[in-house]
There are 2 protein chains.
Amino acid sequence: MTANARKPRTRIQQKNTAAILEAALDVFSSRGFRGSTVDQIAKAAGLSKPNLLYYFPSKEAIHRELLGGLLDTWLAPLHAMKAEGDPLEEIMAYVRRKLEMSREMPRESRLFANEVLQGAPNLEGVLKEHLKPLVDEKAAVIQSWSAAGRIAPVHPYHLLFSIWSLTQHYADFDVQVRAVLPQSEAGDPFPEAARHVDAMFRKMLTPGG
Amino acid sequence: MTANARKPRTRIQQKNTAAILEAALDVFSSRGFRGSTVDQIAKAAGLSKPNLLYYFPSKEAIHRELLGGLLDTWLAPLHAMKAEGDPLEEIMAYVRRKLEMSREMPRESRLFANEVLQGAPNLEGVLKEHLKPLVDEKAAVIQSWSAAGRIAPVHPYHLLFSIWSLTQHYADFDVQVRAVLPQSEAGDPFPEAARHVDAMFRKMLTPGG
DNA sequence: CGTCCTTCTGACCAATTGGTCAAACAACAA
DNA sequence: TTGTTGTTTGACCAATTGGTCAGAAGGACG
């Protein structure tokens with residue numbers, strides 16, 4: 001059977017497609033789609049360019065596969081926010097998970113950031129078909145919590161935006177954060193970041209106050 | 001005299017260099033440095049490629065000039081935050097100005113975002129020589145306000161990060177914001193954004209509470 | 001008019017890049 | 001061993017791209 005099919009069959013195919021995607025994540029996330037070359041990805045994956053193109057039909061195909069494959073991972077934390085839980089704790093857990101992801105998966109964050117920043121040419125469909133429905137659903141949940149007085153009144157969509165921006169900032173603008181922070185913190189900005197972000201949303205959401 | 005000198009002399013030079021920088025801002029900010037071509041910039045500026053290269057020696061030179069020329073504008077709002085003013089109002093004014101800039105100058109925001117996102121290859125010097133000293137200075141001011149109990153205790157650096165991320169998010173991730181927001185708000189997210197962001201920082205910074 | 005300087009262009013070039021292809025090589029089963 | 005299938009490569013190609021250059025056009029001034 002042909003190599004470019006949906007699921008890899010042989011061990012070599014599994015190993016190589018995995019290596020390619022890993023390498024592509026590295027390259028695409030740090031240089032953007034247009035700024036990356038197939039050769040860079042091939043070299044990073046330990047393959048020759050024609051060999052890489054034996055597994056994926058084109059540079060764009062690698063990119064699409066990457067984005068698609070990562071999307072679920074990326075949206076999982078928001079999925080995990082349940083209407084049944086304690087409102088403040090659900091949201092704070094979401095914030096915490098997002099910040100952890102910025103720390104553990106900065107390349108993924110930058111990959112999406114690069115894409116969105118440049119007008120999301122290969123992501124517009126996904127944005128409206130996957131992200132928007134999910135956000136609509138969770139915004140409604142937040143709205144209901146807010147209306148019930150279980151958290152302070154907030155604009156649910158902008159609350160989500162502020163969670164995304166605050167947490168992803170530490171992955172996407174990592175160089176800036178480290179360049180600006182005093183020596184003592186530049187090594188690992190995350191502990192203080194966690195405290196700060198936690199405080200911000202706690203104050204924002206605690207009712208009454 | 002040669003055309004590539006510091007200050008444009010003739011009217012034609014003024015007009016064309018300005019057109020080139022304007023075009024370059026458009027192109028670089030939406031496609032990143034590596035993703036942009038000299039031809040695109042030339043076309044957008046209404047010039048031929050050789051003619052553009054008569055005014056700037058290289059693609060990189062345009063990029064450098066752009067970044068350098070924009071830096072002052074970009075840092076002006078932070079400069080304007082004065083230790084003598086009312087702490088809460090100084091910070092809130094800074095937040096407001098930054099959000100206005102996201103609305104009025106989204107291309108500039110994206111230009112810097114693209115650069116930082118890709119490791120700030122042409123910005124590292126600037127980051128440490130211009131941005132860091134300024135941030136250090138203003139962080140000290142915030143620190144003193146905080147210590148004097150005039151605003152709630154905050155980590156000054158991370159407070160600045162959160163101002164940057166929250167405000168610039170609306171420029172940098174514009175496509176996503178509009179894709180996710182309900183129809184009614186997608187046309188102009190800024191009024192609600194302003195309310196939300198204002199509330200966040202006001203709650204964060206109001207002492208006691 | 002002619003002269004000098006600036007502005008502009010078409011033709012060109014070398015390097016890079018995404019992608020192809022025929023053929024070599026490996027793995028393994030019969 | 002041989003046949004079959006999956007894997008890898010060197011050589012190659014067309015398109016794009018950053019940049020050059022010689023000279024043509026334009027403008028200002030005597």
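The sequence lines fix the lettering, A, B, ..., with proteins before strands; numbering per chain opens at 1. What you are looking at is a predicted structure, and each value in this text was computed from that prediction instead of being measured. These values consider heavy atoms only, across backbone and side chains, with no hydrogens, waters or symmetry-generated copies.
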Determine: side-chain N/O of [X] to OP1/OP2 of [N], distance under 4.0 Å, yes or no.
| X | N | answer |
| --- | --- | --- |
| Gln13(A) | dT7(D) | yes |
| Tyr54(B) | dC8(C) | no |
| Asn16(A) | dT8(D) | yes |

Pairs under 3.5 angstrom only: tabulate donor-acceptor contacts from the side chains of residues 89-105 of chain B to other protein residues two or more places apart or in another chain.
| residue | atom | partner | partner atom | Å |
| --- | --- | --- | --- | --- |
| Glu90(B) | OE1 | Lys82(B) | N | 2.8 |
| Tyr94(B) | OH | Trp164(B) | NE1 | 2.8 |
| Ser102(B) | OG | Thr167(B) | O | 2.7 |
| Arg103(B) | NH2 | Asp188(B) | OD1 | 3.4 |
| Arg103(B) | NH2 | Asp188(B) | OD2 | 2.4 |

Sidechain-backbone polar pair: [X] side chain, [Y] backbone, donor-acceptor under 3.5 Å:
| X | Y | answer |
| --- | --- | --- |
| Arg178(B) | Ala186(B) | yes |
| Gln40(A) | Thr37(A) | yes |
| Arg34(B) | Ser36(A) | no |
| Asp172(A) | Leu117(B) | no |
| Lys59(A) | Leu53(A) | no |
| Ser146(B) | Ile142(B) | no |

*asked:* Does anything in residues 18-40 of chain A come within less than 4.0 Å of DNA chain C? Heavy atoms only, and list the residues if so.
replied: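 Residues of residues 18-40 of chain A that come under 4.0 Å of DNA chain C are, in numerical order, Ser36(A), Thr37(A), Val38(A).
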
Could you work out, with side chain to side chain donor-acceptor pair (under 3.5 Å) as the rule, every residue matching [X], not counting sequence neighbours?
| X | value |
| --- | --- |
| His158(A) | Tyr170(B), Glu185(B) |
| Glu124(A) | none |
| Glu22(B) | Arg107(B) |

Without decimals, in angstroms, what is the distance between [X] [atom1] and [N] [atom2]?
| X | N | atom1 | atom2 | answer |
| --- | --- | --- | --- | --- |
| Leu53(B) | dC12(C) | CG | C1' | 14 Å |
| Lys15(A) | dT7(D) | NZ | P | 11 Å |
| Lys59(B) | dT17(D) | NZ | P | 9 Å |
| Tyr55(B) | dG19(D) | OH | C1' | 18 Å |
| Phe56(A) | dT8(D) | CZ | C1' | 17 Å |
| Ile62(B) | dG18(D) | CD1 | C1' | 11 Å |

*Where along nucleotides 23-30 of chain D does protein come under 4.0 Å, by heavy atom, of base (B) or sugar-phosphate alone (S), with - for untouched nucleotides?*
--------

Which residues pass the salt bridge (charged side-chain N to carboxylate O under 4.0 Å, His left out) test with [X], sequence neighbours left out?
| X | answer |
| --- | --- |
| Lys132(B) | Asp136(B) |
| Asp39(B) | none |
| Glu60(A) | Arg64(A) |

*Which ones in residues 41-52 of chain A lie close to DNA chain D, meaning a heavy atom under 4.0 Å from one of its atoms?*
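When residues 41-52 of chain A is checked for heavy atoms under 4.0 Å from DNA chain D, the hits, listed by number, are Ser48(A), Pro50(A), Asn51(A).
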
*With sequence neighbours excluded, residues passing ring-ring contact (aromatic ring centres under 6.0 Å, His included) with Trp74(A)*: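 Scan of Trp74(A) (ring-ring contact (aromatic ring centres under 6.0 Å, His included), adjacent residues dropped) gives Phe112(A).
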
*To 10°, what angle do the rotation axes through the five end pairs on each side of the helix from dC1(C)-dG30(D) to dA30(C)-dT1(D) form?*
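Inter-axis angle at the termini of the helix from dC1(C)-dG30(D) to dA30(C)-dT1(D): 10°.
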
